[in-house]
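By convention in this document, chain letters (A, B, ...) are assigned in the order of the sequence lines, proteins followed by strands, and residues within each chain are numbered from 1.
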2 protein chains.
Amino acid sequence: MPTIHDVAKKAGVAPITVSRVINNSGYVSEKVRNRVNQAVDELGYVPNILARSLKSKRTNTIALVFTDITNPFFNFMARGVEDSASDAGYNVIFCNTDESSDQESKYVKLLLQKQVDGILLVPADTRSNSIQLIQDQKTPLVVIDRCVSNKNVDIVRGDSEGGAYLLTKHLIDLGHRRITLFSGPEAVSTSQDRVKGYKRAMENHGLSKFVDCYYGKFSRQSGIDLTKSIFSKENSPKPTAIFAANNLISVGILAELRNLGIKVPQDVAVCSFDGIPENLTVIPFLTNVAQPAYKMGQKATEILISRIKEKPEPSTDFEEIIFPVELTIRESSGGKIG
Amino acid sequence: MPTIHDVAKKAGVAPITVSRVINNSGYVSEKVRNRVNQAVDELGYVPNILARSLKSKRTNTIALVFTDITNPFFNFMARGVEDSASDAGYNVIFCNTDESSDQESKYVKLLLQKQVDGILLVPADTRSNSIQLIQDQKTPLVVIDRCVSNKNVDIVRGDSEGGAYLLTKHLIDLGHRRITLFSGPEAVSTSQDRVKGYKRAMENHGLSKFVDCYYGKFSRQSGIDLTKSIFSKENSPKPTAIFAANNLISVGILAELRNLGIKVPQDVAVCSFDGIPENLTVIPFLTNVAQPAYKMGQKATEILISRIKEKPEPSTDFEEIIFPVELTIRESSGGKIG
DNA sequence: TGATAATATGGTATCGATATCATATATCAT
DNA sequence: ATGATATATGATATCGATACCATATTATCA
């Protein structure tokens, strides 16, 4: 592959002059500029950004370290990240951790070695030690979707607590009292926050004694398993409404209820945190509160890039941006048929 | 940030010795090794892979240039790519082109400058000029999902033609004659191949005069629009079965049919190329032929990485791997209720 | 007209690592 | 004891670009 030296020789100038032409910096006469451009074309020269990055200390690459691209919520978030990054001239490296802290820190170490300009992180654990690693290297970082115990980070997330409250209240307003919550992994802040919001709503409405919630996974299978276990318990009162802490869980619940011959919403109302992607939905059916995943990805990326740009003197006051959620009432909760 | 020199000075050795310790190469005495490791720890040294890559000419990064991560098929493919790459020690940069050739070549140019070790490409156009760009740089390339006019590339794709034939034959076997196909963009080989398979099946069964197919987009909206237009034509016979060339189109069809009060499968049978992701499905309903998206991503990545490794003397005989599709018969085609 | 600024180009050092070659000591077989 | 081999460490050049400083030419203006 030809280098800047080859181009320089061919054009009869110094390498630095070629550099000026390529980067449109400094002074170059029209005549020389043309000669250089011609040489570039003839040789099929492609500048080596690696070498440039080594000198300039900027790679124009950021990384998104998150749980799983096949989860629709993160899927749309990822797209928001990519679009926003691409607009600003950055590429994105994607890393799936599947909620494993080990995997997470393995990725983070590698990314730091690769000198990415910044990292977007959905931490697998509330006390992620990856955060420390990243901050030790003074690499800009924005945490997405989740809270962490370390407060010295920018965070972009949805209002899990408020959303859970809203959804629970919706069910209560419809007359439900025995409302069961199927949440995600206990180590994840969104799982916890959704439990908190649910409990606050129950307590505020004098339903403390009906509080009934379970931690599990953010997966379809978890929804199936929890539903099975709840409805197979003998001699125990069954819920009249189930609140799924995410969309995959809700799909599992609906599938298993159908399997058991239990009708939604007639026998049991169901609602969910996060909906099913529109482009995969035939009939909108699921009552849910939705977070603006795409916008969250965009916003987090914008913040990250602004941190990258201010890097020499990093700011010390961190932002926590909480996106409001939106309640959509549909048939599954029996609230309104829409 | 400390460099290899800082570590070397602290440990009282030469930089190259530090390099040997880090990379576990060459000979280093136990004593020195310990001193070096201690210095690494104390300084929080992180090797700069950029510098290494500049010398070694390998970045351990590949790129996936495709249409859209939010499309479920590509979504699972992407996950296959990431998993497979990660196992082999590679990171993946994702680029969404949204079927735009301009966007595609913009990304490709940047990726080549970044010296990615290889590129996985879902070309937006049958005659993608990005392919030439990539091959000029002698960067390994694997085309996924689609055919291209240039035959000197490795290709990993699904059997669109065969799958379409299978699905059409299924409908014919059920007694349908007026079968309409809603395909994707005409410039995309999978759209064309699905049309071919459909036509071959129709012709083989003496149904040439019922051939009725339309190009559109691979989107839910396209399914809605085409359905509307078909069923609003007055005085023209309506299809008894619709074949959607991808899952998003099928969702649009089902949604619009429901909107029009047309029952599936009683009034119209519907089937689709590619299904709806299982983890988002409450009741499996859609008859479809599915491609193993995840495996295709894996396989393409494996081939790419093997090409990268053989790079000094690149092979000149290219592989075309065609994954078979799997027919699943469900209620939507009225074939069998399962 | 001379001084100052703007324009145009190049030389050299450097980013942080590693390849290559060189050198020095320890170990071993004969 | 001697040469051969394994072990251990370092000096120097280099990957491909750019930052910084230097120099030369041309333009501009008091």
Side-chain angles (χ1 to χ4, degrees), chain A residues 1-37 39-40 43-61 110 112-117 137-139 311-312, chain B residues 1-37 39-40 43-61 110 112-117 137-139 311-312:
Chain A
M1 290 299 94
T3 73
I4 200 168
H5 289 90
D6 301 324
V7 176
K9 193 184 289 180
K10 179 142 205 160
V13 298
I16 185 72
T17 302
V18 177
S19 170
R20 291 199 183 100
V21 173
I22 294 167
N23 298 295
N24 236 321
S25 64
Y27 294 110
V28 183
S29 70
E30 199 58 28
K31 205 178 63 187
V32 168
R33 183 180 301 276
N34 290 337
R35 278 217 315 274
V36 168
N37 280 328
V40 165
L43 294 172
Y45 167 68
V46 173
N48 183 326
I49 297 197
L50 239 47
R52 178 186 300 169
S53 294
L54 184 57
K55 192 101 239 265
S56 67
K57 302 192 180 299
R58 301 174 77 271
T59 54
N60 281 285
T61 304
L110 185 55
L112 291 175
Q113 298 191 172
K114 287 206 169 172
Q115 313 292 119
V116 294
D117 290 339
Q137 297 299 316
K138 302 197 174 55
T139 298
K311 201 180 171 191
Chain B
M1 291 299 94
T3 72
I4 199 167
H5 290 89
D6 301 325
V7 176
K9 192 184 288 180
K10 181 143 205 160
V13 297
I16 185 71
T17 302
V18 177
S19 170
R20 291 200 182 97
V21 173
I22 295 167
N23 298 295
N24 236 320
S25 64
Y27 295 111
V28 183
S29 71
E30 200 60 28
K31 207 178 60 186
V32 168
R33 184 181 301 276
N34 290 337
R35 278 218 314 274
V36 169
N37 280 328
V40 165
L43 294 172
Y45 168 69
V46 172
N48 183 327
I49 297 197
L50 240 47
R52 177 186 301 169
S53 295
L54 184 58
K55 192 102 240 266
S56 66
K57 302 193 180 300
R58 299 176 76 272
T59 54
N60 281 283
T61 303
L110 185 55
L112 291 174
Q113 299 190 172
K114 286 206 170 173
Q115 314 292 117
V116 294
D117 289 339
Q137 297 300 314
K138 302 198 175 52
T139 298
K311 201 179 170 190

N48(B) and T3(B): CA distance, side-chain angles, deciding distance, side chain to side chain contact (heavy atoms under 4.5 Å, CB included) verdict: CA-CA 8 Å; N48(B) 183 327; T3(B) 72; over 6 Å; no
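Here S56(A) contributes atom OG and I49(A) contributes atom CD1; the two are 9.0 Å apart, rounded to the nearest 0.5 Å. Between atom CG of residue L112(A) and atom OG1 of residue T139(A) there is a gap of 5.0 Å, rounded to the nearest 0.5 Å.
Evaluation of the side chain to side chain contact (heavy atoms under 4.5 Å, CB included) rule for T59(A) yields S53(A), T61(A), Q115(A), D117(A), L50(B) as partners, not counting sequence neighbours.
Between H5(A) and P15(A), the shortest heavy-atom distance links the atoms CD2-CG, 3.5 Å. The shortest non-hydrogen separation linking L43(B) to P2(B) is O-CG, 3.4 Å. Here the closest heavy-atom approach between residue P47(A) and residue R52(A) is recorded as CB-NH2, 4.1 Å. Between A39(B) and K10(B), the closest heavy-atom pair is CB-CG, 3.8 Å.
Within residues 28-36 of chain B, the residues having any heavy atom closer than 4.0 Å to DNA chain D are, in order of number, V28(B), S29(B), V32(B). Listed by residue number, N23(B) are the residues of residues 20-27 of chain B with a heavy-atom contact under 4.0 Å to DNA chain C.
Within the 3.5 Å criterion, the main-chain N or O of M1(B) finds no donor-acceptor partner in the side chain of K138(A).
Here the P atom of nucleotide dT14(D) and the CG atom of N48(A) are 18 Å apart, to the nearest Å. Rounded to a whole Å, the CD1 atom of I16(A) is 7 Å from the P atom of dA19(D). Residue K9(B) contributes atom NZ, which lies 15 Å from atom P of dG10(D) at whole-angstrom precision.
With a heavy-atom cut-off of 4.0 Å to chain B, the contacted part of DNA chain C has its first and last nucleotide at dG16(C) to dA19(C).
Of the residues near DNA chain D, A51(A) and S56(A), the one whose nearest nucleotide (by heavy atom distance) lies more toward the 5' end is A51(A).
Screening residues 16-33 of chain B for salt bridge (charged side-chain N to carboxylate O under 4.0 Å, His left out) gives no qualifying pairs among residues at least two apart or on separate chains.
Over its full length, the helix from dT1(C)-dA30(D) to dT30(C)-dA1(D) turns its helical axis through 30°, comparing axes from the five pairs at each end and rounding to 10°.
With Y45(B) as the fixed residue, the side-chain contact (heavy atoms from CB on, under 4.5 Å) test singles out one of V36(B), I22(B), D6(B): I22(B).
Phosphate proximity of dG10(D) to T17(B): present, with a side-chain N or O under 4.0 Å from OP1 or OP2.
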